[in-house]
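Chain letters run A, B, ... following the sequence lines, proteins first, then strands; residues in each count from 1. All values reported here derive from a predicted model rather than from experimental measurement.
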2 protein chains.
Amino acid sequence: MFEARLVQGSLMKKFMEAIKDLVKEANWDCTGTGISLQAMDTSHVSLVSLLLRSDGFDPYRCDRNISLGINMESMAKIMKCASNDDVITIRSEDHPDNVTFVFESPNQEKVCDYEMKLMDIDSEHLGIPDTEYDAIISMPASEFQRICRDLSNIGDSVKITCNKDGVQFSAQGDTGIGKIALKQNAVIDKEDGQVSIELNDPVSLTFALRYLTFFTKATPLASTVTLSVSAKNPVAVEYRVDDIGYIRYYLAPKIEEEEEN
Amino acid sequence: MFEARLVQGSLMKKFMEAIKDLVKEANWDCTGTGISLQAMDTSHVSLVSLLLRSDGFDPYRCDRNISLGINMESMAKIMKCASNDDVITIRSEDHPDNVTFVFESPNQEKVCDYEMKLMDIDSEHLGIPDTEYDAIISMPASEFQRICRDLSNIGDSVKITCNKDGVQFSAQGDTGIGKIALKQNAVIDKEDGQVSIELNDPVSLTFALRYLTFFTKATPLASTVTLSVSAKNPVAVEYRVDDIGYIRYYLAPKIEEEEEN
DNA sequence: TCCTTTTAAG
DNA sequence: CTTAAAAGGA
């Protein structure tokens with residue numbers, strides 16, 4: 001059987017919120033090392049990758065590797081039935097037709113039990129990039145969310161330009177031009193609330209704000225977001241979640257022709 | 001060139017919120033004494049007058065009088081990209097096609113730069129009344145907002161009746177009649193949180209609540225609002241903003257025939 | 001202008 | 001933690 005108990009159930013709720021707008025259905029792959037999911041978004045433009053390590057659960061038991069084919073909308077609906085302080089347990093058989101979600105209130109007085117039908121989903125081959133990056137930018141997740149929201153008022157895409165002094169986000173549209181410059185902090189790298197940049201090569205790339213805005217649904221999961229940028233390669237947008245894993249999004253840059261439209 | 005730096009940038013955001021629902025486009029007139037704006041609302045019923053004195057900015061520089069023709073909706077969108085604690089700088093050339101808004105975070109780590117196209121706007125002649133008033137009523141701005149909101153539930157217009165004892169706001173509609181009476185406080189005039197009345201002549205006039213409600217969008221700008229009322233003349237609704245200026249609205253009373261409708 | 005979201009208080 | 005009020009976004 002498979003059983004994974006997550007004491008901080010609110011995390012599972014947040015992970016679900018961070019995926020459901022992008023991916024309609026996907027396989028949750030459960031193995032001894034943990035639960036992982038990779039999927040393209042519905043329009044096959046961006047890619048989501050999720051990892052929940054087994055040591056983030058207590059207990060975690062996986063007798064046999066299984067792949068749970070899940071309709072995200074249905075699972076999101078069920079997750080909304082969990083309170084933020086509930087303990088969430090995911091359970092299924094070795095050859096499952098169903099998955100069960102159990103929500104237990106902290107005082108043990110309320111136990112909710114939701115059984116959801118599974119589906120057969122062809123696991124598509126996903127080329128998850130494994131690149132050296134030209135620049136790795138860390139910043140407060142809320143700040144990145146704010147930048148994406150603000151620049152969406154100006155235009156459809158954002159140009160991210162990174163050099164040793166800092167990073168600039170810019171957009172243009174009918175009403176004018178917007179530019180947001182962040183200086184790198186002089187303090188030790190990756191401290192919370194700080195902008196830090198590891199730079200190998202200066203880089204300037206353009207991305208569709210629509211997708212970046214979807215990615216920022218993960219903001220409640222982490223205080224810091226990391227953008228790993230590389231010329232002509234997809235950007236990786238990562239939210240690391242303490243003690244359990246991460247959610248990563250990948251999005252290819254717009255090529256020059258598209259930029260000029 | 002023209003450059004005006006406002007340390008308390010949130011003020012500019014609030015001024016924008018106080019205008020944008022009423023006026024679609026207007027000229028911001030920039031001179032050595034400050035920035036002013038006068039405009040009729042879209043339906044040409046009420047009038048807005050705004051003054052931001054140069055001494056409220058630091059620094060303020062205006063080499064040549066200029067008139068910035070601004071689409072309020074676009075500017076409002078840009079102002080929403082400023083955080084409340086940002087320092088806002090407005091900048092343009094002597095013969096500008098564009099205006100630039102710069103938002104600097106207090107710690108200087110984030111600098112946003114929005115460039116907006118200007119438009120040519122015919123400056124209409126505005127008959128701003130310069131009247132002796134029969135009554136000048138000061139009251140907490142939030143109280144006036146509450147009165148307008150409450151009476152909007154009852155009817156479309158409010159009758160403001162002022163005599164030496166106090167001021168009464170009344171509305172009637174299909175469901176009945178609502179009356180709100182405020183007594184003048186016995187304390188020294190114009191202390192914050194107090195109702196005070198300077199009365200020359202008792203007066204009773206009726207106004208469209210729709211517009212008064214628009215005016216109360218300026219409530220966050222000031223703790224006190226002043227209503228200057230005069231028989232048969234437009235009421236002036238003024239919000240004075242410490243150290244920088246004011247926003248004033250003018251609205252003609254309904255005449256008797258309309259009142260009876 | 002209305003609704004969702006976020007935050008503050010009980 | 002639940003509810004309610006205020007703020008922000010659509």
Side-chain angles (χ1 to χ4, degrees), chain A residues 7-14 16-18 20-21 76-77 79-88 103-112 140-156 171 173 175 178 209-210 212-223, chain B residues 9-24 41-43 45-46 72-86 88 103 112 114 140-146 148-153 156 208-223:
Chain A
V7 173
Q8 196 182 339
S10 62
L11 280 182
M12 189 59 71
K13 288 166 65 84
K14 290 175 187 167
M16 215 47 225
E17 291 299 308
K20 70 165 213 285
D21 293 331
K77 270 188 193 165
M79 283 299 147
K80 286 197 174 164
C81 302
S83 298
N84 280 324
D85 57 347
D86 280 353
V87 175
I88 295 183
F103 308 148
E104 293 168 281
S105 67
N107 59 16
Q108 305 281 338
E109 279 166 8
K110 182 182 180 186
V111 178
C112 308
S142 57
E143 179 121 47
F144 181 60
Q145 185 177 43
R146 177 72 194 259
I147 288 169
C148 290
R149 191 211 307 146
D150 286 350
L151 291 184
S152 294
N153 283 329
I154 308 297
D156 293 332
T175 57
L209 274 167
R210 172 180 166 78
L212 295 183
T213 303
F214 276 133
F215 302 168
T216 62
K217 305 279 185 189
T219 304
L221 276 167
S223 58
Chain B
S10 61
L11 281 182
M12 189 59 70
K13 288 166 66 81
K14 290 174 187 167
F15 273 115
M16 212 51 224
E17 290 299 307
I19 305 174
K20 70 165 214 285
D21 292 331
L22 220 41
V23 178
K24 199 178 162 191
D41 77 274
T42 317
S43 50
V45 171
S46 64
M72 293 298 165
E73 196 182 350
S74 303
M75 181 166 165
K77 263 189 195 168
I78 290 175
M79 283 299 147
K80 287 196 172 167
C81 301
S83 298
N84 280 324
D85 54 353
D86 280 353
I88 294 183
F103 308 148
C112 308
Y114 292 88
S142 58
E143 180 123 42
F144 181 60
Q145 183 177 43
R146 179 68 196 260
C148 290
R149 193 206 312 148
D150 288 351
L151 291 184
S152 293
N153 287 328
D156 294 333
L209 273 167
R210 172 180 167 76
Y211 291 96
L212 295 183
T213 302
F214 277 133
F215 302 168
T216 61
K217 303 281 182 188
T219 304
L221 276 166
S223 58

Mind calculating the distance between CZ (A:Arg149) and P (D:dG8) to the nearest angstrom?
9 Å
Output the rounded distance in Å from CZ (A:Arg146) to P (D:dA7).
16 Å
Working to the nearest 0.5 angstrom, can you tell me the gap between A:Thr219 OG1 and A:Gln145 CD?
3.5 Å
Separation of atom CG in A:Asp150 from atom C1' in D:dG9, rounded to whole Å
12 Å
What's the closest nucleotide to the B:Asp21 side chain, out of D:dG8, C:dT1, D:dT2?
C:dT1
Name the nucleic acid region contacted by B:Asn84, choosing base, sugar-phosphate or nothing; use a 4.0 angstrom heavy-atom cut-off, strictly under.
sugar-phosphate
Heavy atoms, side chains only, cut-off 4.5 Å: are B:Met16 and B:Met72 in contact?
yes
Expressed as a whole number of angstroms, how long is the span from A:Lys14:NZ to C:dT5:P?
15 Å
Which atoms form the tightest heavy-atom contact between A:Asn107 and A:Ser105, and what is the distance?
OD1-OG, 2.7 Å
Interatomic distance, B:Gln145 CD vs C:dT1 C1' [rounded to whole Å]
14 Å
Selected nucleotide, minimal atom distance to A:Asp85 side chain, candidates D:dC1, D:dG9, D:dT2
D:dC1
From NZ of A:Lys80 across to P of C:dT5 the rounded distance in Å is 8 Å
Starting at CG of A:Asp86 and ending at P of D:dC1, how long is that distance when rounded to a whole Å?
9 Å
d(CD, B:Glu73; C1', D:dG9) in whole Å:
14 Å
Below 6.0 angstrom between ring centroids: does that apply to B:Tyr114 and B:Phe103?
yes
